[in-house]
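Please read the structure below before turning to the comments.
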Amino acid sequence: MSAHLNAALREGDNPELTEERRKATFDTRKLADEFFGSHLARRRREIAKAIDAIPELHDTKPLPFMTREEKVEEAARKVFTLSKHITDIVDLSNNRETQSLNEMVIGIEGMPISLHFAMFIPALQGQADDEQKREWLDRAIRMEIIGTYAQTELGHGTNLRMLETTATYDKQNKEFILNSPTLTSLKWWPGNMGKSCNYAIVVANLIIDDKLLGPHSFMVQLRDENSHETMPNIQIGDIGPKMAYNSSDNGFLKLSNLRIPRRNMLMKHAKVQEDGTYKKPPHEKLAYSAMVHVRSHMITQHAMLLAYALSISTRYSCIRRQGYIDPKKDEVKVIEYQTQQHRLFPHIARAYAFAFAGTESIRKFEIMKRSLEAGNIELIADLHALTSGLKAVVTYLAGQGIEQARQACGGHGYSMASYMGEIYGVGIAGCTYEGENLVMMQQLGRYLIKAVKSVKEGKKPTGYVAYLAHAGQRHSLIDCRPNEGYAEHIRAFEHIARRQTFRAAERLQKYENSGLSTEQAWNNCTVELNRASRLHTRLFIACNFYERVLDVEDMAVREVLEDLLHLHLNYELIDIASYALEAKKIRPNAVSLVDSWEITDREHRSVLGRRDGHVYENLFKWAKSSDLNQNDVLPSHKKHLLPMMLNARKQSKL
Ligand SMILES: CCCCCCCC/C=C\CCCC(=O)SCCNC(=O)CCNC(=O)[C@H](O)C(C)(C)COP(=O)(O)OP(=O)(O)OC[C@H]1O[C@@H](n2cnc3c(N)ncnc32)[C@H](O)[C@@H]1OP(=O)(O)O
Ligand SMILES: Cc1cc2nc3c(=O)[nH]c(=O)nc-3n(C[C@H](O)[C@H](O)[C@H](O)COP(=O)(O)OP(=O)(O)OC[C@H]3O[C@@H](n4cnc5c(N)ncnc54)[C@H](O)[C@@H]3O)c2cc1C
């Protein structure tokens with residue numbers, strides 16, 4: 001393509017990167033339109049421009065040089081400044097626009113209102129009745145109050161049925177009494193609960209007339225709205241530093257006979273009347289809706305984290321020269337090595353595949369939400385299965401990709417100047433939060449086993465599991481004929497996933513027939529079941545990628561996406577090296593593929609991934625700005641190491 005069409009080309013950039021950008025075979029803006037969707041892609045450009053014009057929204061210094069207190073303060077400062085400008089910059093009702101603004105301004109390390117938007121508001125939307133929405137939701141949207149979602153406890157996160165926090169109904173006073181009866185019942189982990197929030201939706205086991213009715217959601221005021229002091233009968237604080245996310249104050253909470261009005265139980269679905277009569281929700285798991293909301297949004301979020309890491313490492317690989325392929329010629333850009341391409345390109349393909357899968361999971365969530373509003377609970381199980389699998393597979397593979405991207409940067413990748421450490425720390429947190437990955441795989445496993453049962457009963461399952469009924473078709477990769485296109489690859493993929501699911505189902509049946517309890521038989525098969533869930537989800541991602549590419553109208557963009565699809569299908573199928581052919585095809589477009597993610601330098605916060613490629617001079621600047629360089633001799637050195645050395649020297653002279 002002609003160079004002027006490449007939007008990433010700028011005067012004064014490192015010529016190594018300019019050379020790469022001139023090779024692009026497509027318009028990076030058009031590919032960005034496919035990656036984000038054209039509306040979001042355009043809005044992200046406008047948002048980036050708006051931020052450039054407001055200096056108070058810029059980082060005061062690189063985040064890795066800040067202490068935890070400074071990070072927390074910086075995030076709070078930016079949230080406050082943003083509150084003055086936000087409605088001029090984004091449409092607040094658009095989650096992805098708001099998320100992009102937050103990532104560009106505040107970054108990925110957390111902020112005081114993360115959980116407010118990610119879960120507090122969605123939980124109110126999904127579980128509060130109209131009167132409760134009028135009381136809390138409107139105030140929350142205006143940010144008069146800041147809330148979080150307090151579910152996990154010190155002793156239990158995964159097994160929600162065993163949460164120990166209790167909400168006992170007192171008929172006389174028409175109140176619930178909330179208690180944390182044991183050490184392990186302390187709420188532990190909720191984001192922003194330590195210091196920032198003044199409200200929380202607390203998940204507690206409901207007890208009426210000594211009857212345990214399972215986890216329900218309650219609105220609890222944590223701090224005074226004026227003084228921000230902790231309310232009586234509540235003990236609250238920050239849980240300390242974490243592997244990443246240190247701008248966020250994840251907290252603990254102890255409730256001691258805290259009385260709240262009956263109407264503080266969220267009552268859109270389950271209800272408790274004044275006399276203590278309990279009305280069951282129409283679907284037992286509607287109380288879990290805020291989790292399904294986050295899981296459906298985590299896929300695009302993790303695609304983006306992977307994109308951050310890969311654009312850093314791909315650009316850097318094109319300015320880093322080291323070693324020779326031909327000893328008679330100059331040192332080469334490290335991107336020229338086959339191993340470097342093999343290390344990076346399949347993950348670039350995955351970042352696109354995950355972004356498309358994430359757009360689909362958000363779309364499915366919206367469809368489910370609308371159908372639920374119309375009183376239909378049918379789509380809940382499908383969405384739960386889909387998002388459980390996607391959340392687990394994508395967070396895990398994104399973590400692997402980020403780590404490969406870090407290693408691809410050699411030693412400098414290990415410096416926080418690359419920002420890889422934070423991206424990795426934030427990425428892998430997703431393997432744990434919102435349901436530990438291996439546990440979520442089992443949720444999808446249950447769904448697959450049910451589908452196998454229905455196939456065995458002669459029924460034809462529909463939707464994402466329809467392929468389970470297609471036994472007897474051709475299947476192995478060896479059977480793929482060169483001219484049959486990707487549909488053949490998909491069929492081979494379906495075969496592998498189907499075979500694994502039936503294998504797991506048969507093993508389960510065998511254990512059940514041998515007299516083991518259902519639970520014991522299940523536990524004996526969970527490795528096989530999780531393999532089936534993993535394959536099913538990877539099949540979904542591949543199919544969705546395939547279908548998405550068929551829709552692309554711009555031929556140059558479609559061609560490069562087909563190259564990525566080809567690489568993805570082969571890599572996923574073989575799960576080992578891709579063919580040299582794919583590597584060669586991707587190579588000229590490598591930088592432009594990552595430029596199409598249009599991640600600004602402000603958003604990247606990475607010296608290595610700079611758009612202009614001027615890495616080395618800026619690495620030196622970075623090193624000079626370290627706090628530790630402000631004193632020639634550190635006070636801590638004077639206090640500890642120097643006396644130690646002096647003492648050692650003295651001893652040796654004696
Ligand atoms: C705007 C978005 C921004 C995104 C980015 C935000 C970043 C913020 C950063 C961090 C936020 C982190 C927040 C949190 O972590 S909050 C806490 C999350 N906690 C969990 O996820 C806990 C995981 N555990 C569970 O979900 C459950 O305990 C469970 C593992 C699902 C088991 O539940 P349970 O014991 O009740 O159920 P069973 O296994 O017996 O299954 C019974 C049937 O119920 C079905 N089921 C289970 N869950 C759901 C659901 N959510 N929806 C629909 N159906 C569900 C299950 O499939 C069974 O069905 P069956 O038909 O087979 O009987
Ligand atoms: C950064 C971060 C932010 C968070 N934010 C929030 C928040 O805002 N609000 C909130 O309420 N919580 C939050 N959490 C808590 C989080 O949701 C839980 O930690 C998560 O759901 C995992 O639960 P757990 O800690 O109990 O893990 P555990 O269940 O203790 O997991 C430990 C191991 O046991 C295995 N295991 C557990 N059960 C089973 C089973 N049934 N079958 C097989 N294996 C099993 C797991 O696979 C894992 O290997 C956050 C956590 C993190 C890391």
Side-chain angles (χ1 to χ4, degrees), residues 94-96 98-99 102-103 108-111 113-123 126 147-163 165 184 187-194 197 200-203 214-215 239 242-246 248-251 253 283-302 304-305 358 362 365 368 377 379-388 391-392 395 425-426 428-450 519 522-523 526-527 529-530:
N94 185 323
N95 265 338
R96 295 194 69 191
T98 316
Q99 176 100 354
N102 289 336
E103 279 163 4
I108 56 172
E109 302 192 25
M111 57 158 173
I113 52 167
S114 300
L115 265 288
H116 182 75
F117 284 109
M119 295 194 85
F120 183 69
I121 289 182
T148 186
Y149 184 77
Q151 180 174 283
T152 307
E153 297 172 356
L154 193 51
H156 290 92
T158 294
N159 189 2
L160 298 183
R161 288 194 240 170
M162 287 307 289
L163 290 180
T165 307
T184 45
K187 291 294 173 192
W188 202 274
W189 270 114
N192 318 127
M193 191 172 71
C197 291
I201 287 170
V202 171
V203 181
I239 62 166
K242 295 143 293 193
M243 279 178 73
Y245 264 130
N246 281 307
S248 173
D249 50 320
N250 294 71
L253 167 69
H283 185 290
E284 209 200 328
K285 304 300 172 193
L286 279 169
Y288 295 177
S289 68
M291 291 185 276
V292 180
H293 171 259
V294 177
R295 284 175 202 142
S296 64
H297 279 77
M298 281 171 72
I299 318 309
T300 48
Q301 189 207 20
H302 278 73
M304 202 61 206
L305 289 170
I362 294 172
F365 178 82
M368 188 281 291
I377 55 170
L379 301 179
I380 295 178
D382 291 353
L383 185 73
H384 171 56
L386 175 74
T387 51
S388 297
K391 177 267 180 214
T395 55
V426 170
I428 58 165
C431 299
T432 305
Y433 68 68
E434 234 33 279
E436 208 286 323
N437 274 356
L438 300 189
V439 174
M440 298 324 289
M441 284 292 191
Q442 288 187 48
Q443 289 292 311
L444 172 57
R446 287 174 77 116
Y447 182 86
L448 293 177
I449 292 298
K450 276 193 182 172
E519 293 77 12
W522 181 266
N523 191 45
T526 41
V527 170
L529 282 161
N530 280 8

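As the structure lists them, so they are numbered: ligands from 1, and atoms in each ligand from 1. Keep in mind that what you see is a predicted model, and the values were worked out from it rather than measured. Quick note: numbers below take in every heavy atom, side chains included, and nothing from hydrogens, waters or symmetry partners.
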**OP:** Output yes when the distance from some N or O of ligand 2 to some N or O of Thr158 is under 3.5 Å, and no in every other case.
**Re:** yes
**OP:** Would you mind running through ligand 1 and noting each atom that sits below 4.0 Å from a heavy atom of Thr158?
**Re:** 23 (C), 24 (N), 25 (C), 27 (C), 28 (O)
**OP:** Would you check the N or O atoms of Gly191, main chain and side chain alike, for any that come under 3.5 Å of an N or O of ligand 2?
**Re:** yes
Original post:
Relative to the heavy atoms of Val292, which atoms of ligand 1 are at a distance of less than 4.0 Å?
Top reply: 51 (N)
**OP:** Specify the protein heavy atom at minimum distance from atom 20 (C) of ligand 1: its residue, its atom name, and the distance to 0.1 Å.
**Re:** Met291 SD, 3.4 Å
Subject >> Under-4.0 Å heavy-atom contact between protein and atom 41 (N) of ligand 2 >> reply: no
Subject >> Residue Gly435 vicinity, atoms of ligand 1 by number, heavy atom under 4.0 Å >> reply: 20 (C), 21 (O), 23 (C)
**OP:** Answer with side chain, backbone, both or neither: which part of Met119 has a heavy atom less than 4.0 angstrom from an atom of ligand 2?
**Re:** neither
**OP:** Check if Met298 has a non-hydrogen atom at a distance under 4.0 Å from any atom of ligand 1.
**Re:** no
Subject >> Contact (N/O only, under 3.5 Å) between Val439 and ligand 2 >> reply: no
Original post:
Below 4.0 Å from any atom of ligand 1, is there a heavy atom belonging to Gly157?
Top reply: yes
Original post:
Do you see a protein non-hydrogen atom under 4.0 Å from atom 25 (O) of ligand 2?
Top reply: no
Original post:
Hey, does Glu436 sit under 4.0 Å from ligand 1 if you only count heavy atoms?
Top reply: no
Original post:
Judged by non-hydrogen atoms, does His293 sit under 4.0 Å from ligand 1?
Top reply: yes
